[in-house]
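To keep things clear, I will list the structure first and then write my remarks on it.
Any value given below was found using the heavy atoms of this structure, including those in side chains, with hydrogens, waters and symmetry copies removed.
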Amino acid sequence: MKYVIYGAGAIGGTIGARLHMIGRSVTLIARGEHLEKIRSHGLEFSEPDGTTTLRIPVAATPAELDIDADDVVFLATKSQDTFDAVRTLASAAPPNIHLVCAQNGVDNERVALRYFSNVDAALVVVAADHLQPGTVLRFGEPFVGILDVGRYPHGTDDAVGRITSDLRDAGFRSRADPQVMRAKYRKLYYNLGNVVGALIGPDDELAARARAEADVVFEAAGVAIATPEEDRRRREGLRTSDAHAGARRGGSSWQSLARGTGSIETDHLNGEVVLLGRLHGIPTPVNEVLCNLARDAARAKAAPGSLDRALVESHILDRIG
């Protein structure tokens with residue numbers, strides 16, 4: 001079983017690095033300066049117990065690779081890039097590969113299923129950063145993180161069992177979960193605060209208001225979501241190391257602004273709440289405003305935390321009124 005990691009950023013880079021370190025066949029797909037750094041110098045992979053430079057094969061596109069039906073592709077791009085990535089992959093890979101969506105959000109799998117028959121969903125709980133080309137830092141201890149995998153929309157199979165076995169060998173807490181989408185909805189629920197931290201800095205009250213809207217629309221839509229207690233038990237024992245002195249850690253949305261990528265995943269997190277609200281006739285002003293402001297900030301390449309809290313509140317009041 002060969003692994004292709006499509007999107008070698010914080011999450012994809014960590015998955016690829018750890019699988020490579022236990023001797024699995026891994027190829028990364030990266031772009032831009034990150035691609036060139038990995039090609040010329042290797043991937044600099046920093047963990048709580050030290051830094052290693054890994055010479056992992058890397059490509060710019062799936063077309064450069066010979067992907068066959070027995071291979072596993074981890075899709076680790078940001079959700080806003082899923083459609084283009086899946087369409088590009090479909091032009092270079094058989095439709096019956098195992099495609100594992102190791103991403104935030106809950107719609108990537110549905111997009112992938114239009115092109116590939118074996119789509120797996122992965123719950124990703126991995127503390128990692130990718131802020132500099134050629135470099136990935138991961139912070140989880142005493143294990144790397146959580147990567148639970150299941151078939152989409154539900155179920156497991158032998159391939160999922162082999163994938164999760166390899167992930168456990170690579171240091172992740174990983175299991176085959178036939179209802180993994182329940183856990184992914186719980187992760188999305190918590191991730192509704194990502195954009196708040198990215199735009200204005202930590203604000204528990206505003207994040208709670210975004211989640212309160214999600215409570216209403218999830219119930220109206222009949223969303224099956226893991227309970228907080230289930231999530232707590234699964235994460236038990238996972239800590240975030242402070243071993244990387246001076247390294248500032250932020251969530252994936254914060255990192256998008258910090259790197260000035262020009263895009264942000266908010267439309268696939270808070271935007272899911274907005275979508276369900278519109279489908280069921282339920283107003284979601286907090287999440288709608290956060291989506292709008294996140295798009296503006298990404299386009300303007302605004303620095304993380306550069307928006308004023310009062311400005312955000314005024315937009316919400318305007319939307320309500």
Please tell me whether Ser263 and Gln80 have a donor and an acceptor in their side chains that are separated by less than 3.5 angstrom.
yes

4.5 Å side-chain heavy-atom contact, Ile225 and Arg182:
no

Enumerate the residue pairs fulfilling side-chain hydrogen bond (donor to acceptor under 3.5 Å, both in side chains) with a member in residues 266-281, sequence neighbours excluded, ordered by first and then second residue.
Asp267-Arg295, Asn270-Asn287

Donor-acceptor under 3.5 Å (Thr135 side chain, Leu131 main chain):
no

Worked check of side-chain contact (heavy atoms from CB on, under 4.5 Å) between Arg309 and Leu206:
CA-CA 9 Å; Arg309 173 65 160 80; Leu206 187 55; 4.1 Å; yes

Count I, L, V, M, F, W, Y as connected when their side-chain heavy atoms are under 4.5 Å apart, and connections chain through other members. Are Val289 and Leu192 then in the same cluster?
no

Determine whether Ile15 and Met1 fall in the same hydrophobic cluster, where Ile, Leu, Val, Met, Phe, Trp and Tyr are linked whenever their side-chain heavy atoms lie under 4.5 Å apart.
yes

Side-chain heavy-atom pair Met181, Val106 within 4.5 angstrom cut-off:
yes

Can you see whether Thr164 engages Ser174 through a side-chain donor-acceptor pair at a distance of less than 3.5 angstrom?
no

Identify the heavy atoms of Ala128 and Thr14 that sit nearest to each other, and give their distance.
CB-OG1, 3.6 Å

Is there a side-chain contact between Phe116 and Leu89, using heavy atoms and a 4.5 Å cut-off?
yes

Identify the heavy atoms of Ala122 and Val100 that sit nearest to each other, and give their distance.
CB-CG1, 3.8 Å

Side-chain (Glu213) to main-chain (Val286) donor-acceptor, under 3.5 angstrom:
yes

Donor-acceptor pair, Thr52 side chain versus Leu54 backbone, under 3.5 Å?
no

Donor-acceptor side-chain pairing of Asn292 and Arg319 below 3.5 angstrom
no

Ion pair present between Asp296 and Arg299, side-chain N to carboxylate O less than 4.0 angstrom?
yes

Do Glu44 and Thr51 get their side chains close enough for a donor-acceptor pair, meaning under 3.5 Å?
no

Assigning hydrophobic clusters by single linkage (Ile, Leu, Val, Met, Phe, Trp, Tyr; side-chain heavy-atom cutoff under 4.5 Å), is Leu75 placed with Ile97?
yes

What's the shortest heavy-atom distance between Ile5 and Gly16, and which atoms?
CG1-CA, 3.8 Å

Side-chain donor/acceptor pairs under 3.5 Å, residues 26-39, sequence neighbours excluded:
from  : atom 1 : to     : atom 2 : distance (Å)
His34 : ND1    : Gly134 : N      : 2.8
His34 : NE2    : Ala8   : O      : 2.8
Arg39 : NH2    : Glu64  : OE1    : 3.4

Rounded to the nearest 0.5 Å, how far apart are CG of Asp177 and CG of Asp120?
11.5 Å

Let me see the working for Val217 and Thr284 under side-chain contact (heavy atoms from CB on, under 4.5 Å), right down to the final yes or no.
CA-CA 9 Å; Val217 300; Thr284 57; 3.8 Å; yes

Say whether, by atom type as modelled, one donor and one acceptor occur between the side chain of Arg211 and the main chain of Tyr189 under 3.5 angstrom.
yes

What's the spacing between Arg87 CZ and Arg114 CZ if we round to 0.5 Å?
12.5 Å

Please evaluate residues Phe74 and Ile11 with respect to the criterion side-chain contact (heavy atoms from CB on, under 4.5 Å), reporting the C-alpha separation (whole Å), side-chain torsions for both, the decisive distance (0.1 Å), and the verdict.
CA-CA 10 Å; Phe74 272 92; Ile11 301 304; over 6 Å; no

Pair Arg234 + Glu229: basic N to acidic O under 4.0 Å:
no

Short question: side chain of Gln255, backbone of His130 - any donor-acceptor pair under 3.5 Å?
yes

Under 4.5 Å side-chain linkage, directly or through intermediates, the cluster mates of Phe143:
Leu123, Val125, Ile146, Val180, Leu238

Supply the atom-to-atom distance Asp68 CG to Asp66 CG, rounded to the nearest 0.5 angstrom.
6.5 Å

Does Pro228 reach the side chain of Tyr190, with side-chain heavy atoms less than 4.5 Å apart?
yes

Answer yes or no: is there a side-chain heavy-atom contact under 4.5 Å between Arg110 and Asp107?
yes

Mark yes or no for whether Ser314, through its side chain, and Leu311, through its backbone, hold a donor-acceptor pair below 3.5 Å.
yes

Give every residue pair that meets the salt bridge (charged side-chain N to carboxylate O under 4.0 Å, His left out) criterion with at least one member in residues 8-27, sequence neighbours excluded.
Arg18-Glu47, Arg24-Asp166, Arg24-Asp169

Does Lys184 reach the side chain of Val124, with side-chain heavy atoms less than 4.5 Å apart?
no

Consider only side-chain N and O atoms of Glu265 and Ser256, and report whether a donor and an acceptor are under 3.5 Å apart.
no

Gap separating the CG atom of Leu293 from the CD1 atom of Ile264, nearest 0.5 angstrom
10.5 Å

Using the ring pair (Phe, Tyr, Trp, His ring centres under 6.0 Å) rule, collect all pairs that involve residues 214-240, keeping only residues at least two apart or in two chains.
Tyr185-Phe218

According to a 4.5 Å side-chain heavy-atom criterion applied to Ile, Leu, Val, Met, Phe, Trp and Tyr, with indirect links allowed, do Val216 and Ile320 form part of one hydrophobic cluster?
no

Correct closest heavy-atom pair for Ala85 and Tyr6 would be O-CE1, 3.4 Å

With a 4.5 Å heavy-atom cut-off, do His98 and Arg151 have their side chains touching?
yes

Test side-chain contact (heavy atoms from CB on, under 4.5 Å) applied to Asn194 and Leu269, step by step:
CA-CA 9 Å; Asn194 286 9; Leu269 301 177; 4.2 Å; yes

Got more than 12 heavy atoms from elsewhere within 6.0 Å of CD, Glu313?
yes

Return yes if some donor-acceptor pair links the side-chain N/O of Arg186 with the main-chain N/O of Ala226 below 3.5 Å, else return no.
yes

Separation between CD of Gln103 and OG of Ser79, rounded to the nearest 0.5 Å
5.0 Å

Write down the atom of Cys101, the atom of Val119, and the distance for their closest heavy-atom approach.
SG-CG1, 4.3 Å

Check: Asn104/Asn191 side-chain N/O donor and acceptor closer than 3.5 Å
yes

Decide if atom CG of Asp158 counts as having more than 12 heavy atoms of other residues, nucleotides or ligands within a radius under 6.0 Å.
no

Atom pair OG (Ser253) and CG (Leu199), whose distance is rounded to the nearest 0.5 Å:
8.5 Å

Main chain of Ala159, side chain of Asp157: is a donor-acceptor contact present, judged purely on distance under 3.5 Å?
yes

Using a 3.5 Å distance criterion without hydrogens, assess whether the side chain of Ser117 forms a donor-acceptor pair with backbone atoms of Pro95.
yes

Can you find a pair of side-chain heavy atoms, one from Ile200 and one from Val312, that are under 4.5 Å apart?
yes

Check the surroundings of atom CG in Asp84: do more than 12 heavy atoms from other residues, nucleotides or ligands lie under 6.0 Å from it?
yes

Grouping ILVMFWY residues whenever side-chain heavy atoms fall under 4.5 Å, the cluster of Leu317 otherwise contains none

Do any N or O atoms from the side chain of Asn96 and from the backbone of Ala69 form a donor-acceptor pair under 3.5 angstrom?
no

Taking all atoms of both residues into account, what is the closest heavy-atom pair of Gly42 and Arg55, and its distance?
N-NH1, 3.6 Å

Is there a path from Leu99 to Val4 through hydrophobic residues (I, L, V, M, F, W, Y) whose side chains come within less than 4.5 Å of each other?
yes

